[in-house]
Amino acid sequence: MDDEAAPFLERASSVGPQQRFGNADHRVVSIDGFEILLIRAGIGLVNAAGAATEAILRTAPRDGSAGPGPLVISAGSAGGVGLDVSVGEVIVGSSYVNADADVRVFNYAVGQSPGMPASYSAPADVLSALAGLAPLPDAAGVPIPVRSGLIVSSDTFVSGQLVDGIRSSFPGVLATDMESLGMAQVCHVYRRPFVSIRGISDLADPTAVGDHLTHVDDASDRSARVVLALLAAL
């Protein structure tokens with residue numbers, strides 16, 4: 001969303017012209033000496049997958065050399081699902097599954113799409129760099145709690161009536177969003193490293209929609225702070 005791109009645009013020393021590819025807005029921005037292809041992908045798994053594909057094709061090595069290519073990062077907000085997750089935390093996805101996928105009748109795991117892995121994992125070196133970050137302050141100077149774990153994605157906004165099923169199907173899940181899995185799957189296909197770094201804007205309870213609208217800006221700012229600290233650490 002625009003709210004999730006805003007913290008990066010506010011920190012940019014230069015912003016290139018906006019280009020439109022499908023439903024996504026692309027800008028090349030410079031932040032703290034890094035050149036970043038910043039994309040507002042749109043909401044949902046299909047929009048996320050389309051934007052990730054376009055980003056990967058735009059940034060593929062032009063000389064034909066081998067290599068994984070630039071890191072793809074999904075930044076923004078998410079809903080807290082873990083019982084001990086709080087608004088204000090930042091969750092780094094160590095693994096990702098599709099909460100909408102259920103093909104157990106053909107012996108796939110719940111959350112697994114046919115012919116694809118049961119889950120997708122973030123690169124070990126990226127998780128190690130994130131784990132080694134010094135405590136980061138938020139806009140008010142309060143340290144941002146950061147931890148890693150499972151993120152599930154769905155085209156359904158997970159609120160109170162759905163959360164028990166998510167927790168039961170995916171033990172240990174920390175957060176849910178509507179994009180990370182779509183990007184993770186595309187990055188797996190193209191062998192591109194991927195990590196999702198999401199600020200918790202709401203908890204999966206009856207107040208989730210209102211809390212999301214209230215806290216999406218703060219959650220996105222915390223996410224951006226962790227993303228930029230990661231880039232400096234890598």
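What you see is a predicted model, and the numbers here were worked out from it, not measured in a lab. Side chains are part of it too, since the values below use all heavy atoms of this structure and drop only hydrogens, waters and symmetry mates.
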For this session: Might you work through the side-chain contact (heavy atoms from CB on, under 4.5 Å) test for Ile166 and Val158, ending with a clear yes or no?
Result: CA-CA 9 Å; Ile166 295 290; Val158 177; 4.3 Å; yes

Taking all atoms of both residues into account, what is the closest heavy-atom pair of [X] and [Y], and its distance?
X	Y	answer
Ser77	Asp177	O-CB, 4.2 Å
Leu136	Ala229	CD1-CB, 3.7 Å
Cys187	Ile56	SG-CD1, 4.0 Å
Ser168	Pro171	O-CD, 3.9 Å
Ala12	Val29	CB-CB, 4.1 Å
Ala41	Ala51	CB-CB, 3.5 Å

For this session: Show your reasoning for whether side-chain contact (heavy atoms from CB on, under 4.5 Å) applies to Leu231 and Ile36.
Result: CA-CA 10 Å; Leu231 295 182; Ile36 300 169; 3.8 Å; yes

Problem set entry | N-O pairing of Arg225 and Asp138 below 4.0 Å |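 Salt bridge flag = no for Asp138 with Arg225.
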
Does a side-chain heavy-atom distance below 4.5 Å link [X] with [Y]?
X	Y	value
Leu230	Val92	no
Arg40	Asp2	yes
Met116	Val189	yes
Leu150	Leu174	no
Ile200	Ser86	no
Leu71	Val126	yes

Problem set entry | Any residue meeting ring-ring contact (aromatic ring centres under 6.0 Å, His included) with Phe21, in chain and number order, not counting sequence neighbours | His26

Nearest 0.5 Å please: distance from the [atom1] atom of [X] over to the [atom2] atom of [Y].
X	Y	atom1	atom2	result
Ser94	Leu130	OG	CG	11.0 Å
Phe34	Leu234	CZ	CG	8.0 Å
Arg198	Glu4	CZ	CD	5.5 Å
Arg167	Leu162	CZ	CG	11.5 Å
Asp102	Ser169	CG	OG	7.5 Å
Glu179	Ser196	CD	OG	8.5 Å

Exercise. Can Phe170 and Val81 be said to form a side-chain contact (heavy atoms from CB on, under 4.5 Å), step by step?
Worked result: CA-CA 10 Å; Phe170 306 104; Val81 177; over 6 Å; no

Is the side chain of [X] donor-acceptor paired with the backbone N or O of [Y] at a distance under 3.5 Å, no angle test?
X	Y	answer
Asn47	Ala24	no
Tyr96	Gln185	no
Ser220	Val216	yes
Thr59	Ala55	yes
Ser95	Ser121	no
Ser30	Ser13	no
Ser223	Gly76	yes
Asp100	Asp155	yes

Problem set entry | Glu89: partners by salt bridge (charged side-chain N to carboxylate O under 4.0 Å, His left out), with sequence neighbours left out | Arg147

Problem set entry | Verdict with reasoning, Ile31 to Leu38, per side-chain contact (heavy atoms from CB on, under 4.5 Å) | CA-CA 11 Å; Ile31 305 176; Leu38 180 67; over 6 Å; no

Are [Y] and [X] co-members of a hydrophobic cluster defined by side-chain heavy atoms under 4.5 Å apart?
X	Y	answer
Met178	Ile197	no
Ile73	Leu57	yes
Val163	Val152	yes
Val227	Val28	no
Met183	Ile39	no

Exercise. Within a radius of less than 6.0 Å around CD of Gln19, do more than 12 heavy atoms belonging to other residues, nucleotides or ligands occur?
Worked result: yes

